[in-house]
Each structure stands twice: as C-alpha cells, then as structure tokens.
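Contents: one structure, followed by commentary.
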Amino acid sequence: MELLRNAVRPYAWGSRTTIPELLGRPVPAPHPEAELWMGAHPGDPSHVIGPDGTERSLLELVEADPVGQLGKSCAGRWGGRLPFLLKILAAEEPLSMQAHPSAAQAAEGYKREESARIPRDASNRNYPDPTAKPELVCALTEFHALAGFRDPERTISLLKAIETPGLAKYAVLLEAQPDPAGLRALFTTWITLPQAALDELLPEVLDSCVKHVRERGEFSVECRTILELGESHPRDAGVLAALLLNRLTLSAGEAIYLPAGNLHLYLHGTAVEILANSDNILRCGLTPKHVDVPELLRVVDFACGEMPVQSGERGSADGPSAGKSASDRRLSVYRTDAPEFELSRIEWEAGDDGEIAVHDVGPQILLCTAGGLLVTADDGEQVELRRGQSVWLPAADPAVRVRPLSGERTQVFRATAGTC
C-alpha cells in the first residue's frame, strides 16, 4: 500500500487551472494540463513512493512480480499487464472525435500493421497494440460530450430545423432510411466529401445554426456545439458528423460507458476516466492527427438511440448488494461489460465518519477527489490520502478499510480490474 506520483499530460485542449488546483500547485500553470494518469501505461507510468521516499515505476514493479502485484488470475488473463488506466480529464476545449476497436478488431489490425512493418510510433499507425480500448467517463463537474448516434428521427428534425439549400438533400437521404444503415450512408457521404463541396456546405450550416440559436430554437444546445466546433475547425468534415451524435450534459457523479465502436467527442469539463490500458484510436476529425476513413468505417458502430447515462449502482465494496446499510448508501458502482476495469465511487457527507471495508479483489487504485481519508490495512499499516492523491494496492496486500480524516465531505474513486 503505497502513495503514487502520477504523470501529467500537457495536451493543448487541457486546462491551466483544474489539475494544478487538484494537486495543490500554483494556479494557473504555465501550459495547459489535460490528463493525470494513474497506472502502469508504458508511455507514462505512475511511480510508487516507498516509506523512505524512494520511487519506483509501477510498470517495473508489475513486470518484476506480476502475480504479487496483480494476482494469479489477473496476471494470467492479461499477460502480466495491469489491464486498466485511471485518469483525471480536464477539458478546456474539445478533443478529437474518435472511436475505439473491439478486441478482435484490435488484434487483427495490430497483426496487419505489424506485417506491413509500420513503426508502432508512426503517425499513421492505427493499432500500436493488440488490445481493445473501452472506456467509462464519470463527471466531477458539469461535463459536456457528444457520444453515440442520435435516433435518426430526432436527427431528421434537427436537419430540417437548420435546413439550407445544400443540407436539404441530406435530410431527405436520412428520411428515406431512418436506421443504422441510413446513418452509415450519410456519415460516409459527409466524411468523404471533397474539400470544395465541404467548403461550400459548412458555411451554410454554420449560418443556419447562428440563426437557430438567435431564435432560441429547439436544438439551440446542439447548434451552439456545432458553432464551437466550426470555429475551431472551419474546414473539417467532423463538424458535419457532430450533427449526428447525442449531445450530453453530465452532472457530477453521472457517467457514460463507451464500448467498442462508439463514436464520441469530449467537449468541456472535468471527469474521472477509466479505460483499458491501450492506445488504439481511430479518429474521425477535428484534429490535425492522422484520420484513416476506411479503417474508421470498419470500427464505428452505427447503432442509434439515446446514450445511457448512469449514476452508479448501490452495492458493497466487493460486488452488488441488495442491502440498505450505511456502507451501501455511500458506495456507487459503475457497471459495464468491460473485463478490463470497474470503477466505483465512495462518498461521505459532511459529519459522516463511517468506515467502509474495501475487500481484497486484486490490484486497485484509490483516488481521493474531495476531502481526505485514512486507509487502514488489516495488518495495521495506514496511509493518509489527501485530495488529488492516489494509492496503489497490489493484490498481495491485505484488505483495507477507508474512512474520512475529518468531518468534511469526502469522495474517493476506486479502480479495479473487471473480471480476472
């Protein structure tokens, strides 16, 4: 049971205040800070801090003792690799629009690119590793995103509400086939438009969105998002693709799960994200990075409808529970079908100092996002966890109990492997 020192990723879309403030550093930071990584990712692993202050890479620890760190079952299933990565996301500006492959797609794509001898760090590499990359994002603040294809009937209404001479034929196209196949046809048409046609259509669409917002139309939120994306990426087909996706606003504690093939785009806000430990990304647009349209179309899932938003299932710290104890009320588990990870959230209201047992189920990371807590192992070892700090709990360690350090509101997220 050791504290972690975690890597900060300085992407241009990040915030200069959110992560520095969380970590207790001077605000604003000199440059945008977008992500705080917790885990054993080869590109930027966390470092465990020993009792004497010395540090060692978590990646090195796992590689040296996979069974002790991960447990026999987890180490066997995931080839001695920690299967999840935990992050804080601090999005000041929109990210790229993207989707991730399934396990089978990733394995096939990786094999194909290895056979073609494309360097794994090449800018045109789609599959730097052979693993899937499902992810779940849970809002810490109001969090805005586009995710999953909207019901075609609603999209037809949107296209008609902002109809322009150039846009009308596309509304008719979707109206003739309001289903996933119709969405695929329209999406494919838009992202493969010649640049000259795109340069003619996009200004029409943006002007119509301005008018719709001024008139306080039904789709004002969606139109504001299109205008924001159009301002940042004025000649990008991804702006049109954004018209097809669900526009979501998550409140703190709400989460969305993004399985393989889900096309999505994070817009703004702060969140905890847990994902499979993979770098496989197929980008659609709104980025200067590599976009491989044929490969993207192989991966994207055109299933449509409202995007499920979950607040977490009440349960015990070692699985679902029908009980109504105080521990159950404090704990929320975000259920998914991802075998690589599970995320849960424990909250204590001000004045509540009750202790919760966190059972020994394999490798775990605890991240404190509000207040502070005391982590006590069954062998008596203790660690204090302050806001912004995290702790690594290897599988070989005893089970632990957690409770707030003071009477203030306290929140901790717990990342574990899914099914090992």
Side-chain angles (χ1 to χ4, degrees), residues 1-7 37-87 103 106-107 110 120 128-136 274-280 316-320 333 335-344 356-367 375-383 385 389-402 412-420:
M1 183 169 62
E2 293 170 302
L3 289 172
L4 293 174
R5 180 177 64 78
N6 303 305
W37 286 17
M38 289 152 278
H41 189 285
D44 240 338
S46 299
H47 285 72
V48 297
I49 304 173
D52 59 356
T54 58
E55 297 186 8
R56 188 175 178 187
S57 160
L58 180 57
L59 179 62
E60 292 179 359
L61 286 177
V62 171
E63 289 177 342
D65 181 19
V67 173
Q69 296 293 319
L70 306 179
K72 183 178 180 180
S73 177
C74 188
R77 172 158 190 176
W78 302 111
R81 183 175 56 90
L82 181 65
F84 64 84
L85 179 65
L86 185 65
K87 297 181 181 181
Y110 177 80
R120 293 179 192 173
D129 57 70
T131 55
K133 194 186 178 186
E135 58 193 45
L136 179 140
I274 190 167
L275 61 156
N277 194 0
S278 168
D279 289 321
N280 291 324
S316 65
D318 59 350
V333 183
R335 305 290 180 193
T336 76
D337 61 2
E340 295 90 351
F341 61 75
E342 183 174 272
L343 184 72
S344 53
I356 295 179
V358 177
H359 296 280
D360 183 11
V361 294
Q364 304 174 63
I365 293 176
L366 301 181
L367 165 66
V375 184
T376 303
D378 283 352
D379 63 3
E381 182 183 4
Q382 291 186 327
V383 170
L385 209 56
Q389 291 184 316
S390 56
V391 65
W392 168 248
L393 303 174
D397 272 14
V400 301
R401 304 178 304 281
V402 292
V412 62
F413 284 85
R414 174 174 176 257
T416 69
T419 54
C420 290

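Minimum heavy-atom separation, A132 to A106: N-CB, 4.0 Å. Residues L4 and I49 come closest through the heavy atom pair C-CD1, 4.3 Å. Counting all heavy atoms, side chain and backbone alike, P339 lies closest to W78 at O-CZ2, 3.6 Å. Between N280 and T131, the shortest heavy-atom contact is ND2-O, 2.7 Å.
Annotation: the span from R414 atom CZ to L367 atom CG amounts to 13.5 Å, rounded to 0.5 Å. Summarising the geometry, atom CG belonging to D397 is positioned 8.0 Å from atom CD belonging to E2; distances are rounded to the nearest 0.5 Å. One distance of note links CE of M38 with CG of L86; it measures 4.0 Å at 0.5 Å rounding. The structure places CG of L3 at 6.5 Å from CG of L385, a figure rounded to the nearest 0.5 Å. Taken to the nearest 0.5 Å, the OG1 atom of T416 stands 10.0 Å off from the CG atom of L366.
Considering only residues two or more places apart in sequence or on other chains, H41 meets the ring-ring contact (aromatic ring centres under 6.0 Å, His included) condition with W37. Scored by the side-chain hydrogen bond (donor to acceptor under 3.5 Å, both in side chains) test, T336 finds no partners at all (sequence neighbours excluded).
A salt bridge links R335 and E342; the closest N-O separation between the charged side-chain nitrogens and carboxylate oxygens is under 4.0 Å. Between D378 and R401 there is a salt bridge, since at least one side-chain N of the basic residue sits less than 4.0 Å from a carboxylate O of the acidic one.
A donor-acceptor contact shorter than 3.5 Å links the side chain of R81 to the backbone of N277. Here the side chain of D129 pairs no donor or acceptor atom with the backbone of S278 at under 3.5 angstrom.
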Counting only pairs under 3.5 Å, give me each side-chain donor-acceptor contact of residues 57-70, with atom names and distances, residues two or more places apart or in other chains.
| residue | atom | partner | partner atom | Å |
| --- | --- | --- | --- | --- |
| S57 | OG | L59 | N | 3.1 |
| S57 | OG | E60 | N | 3.3 |
| D65 | OD1 | G68 | N | 3.0 |
| Q69 | OE1 | W392 | NE1 | 2.7 |

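Looking at heavy atoms from C-beta onward, I365 lies in side-chain contact with F84 at the 4.5 angstrom threshold.
Residues Q382 and T376 have side chains that bring a donor and an acceptor to within less than 3.5 angstrom of each other.
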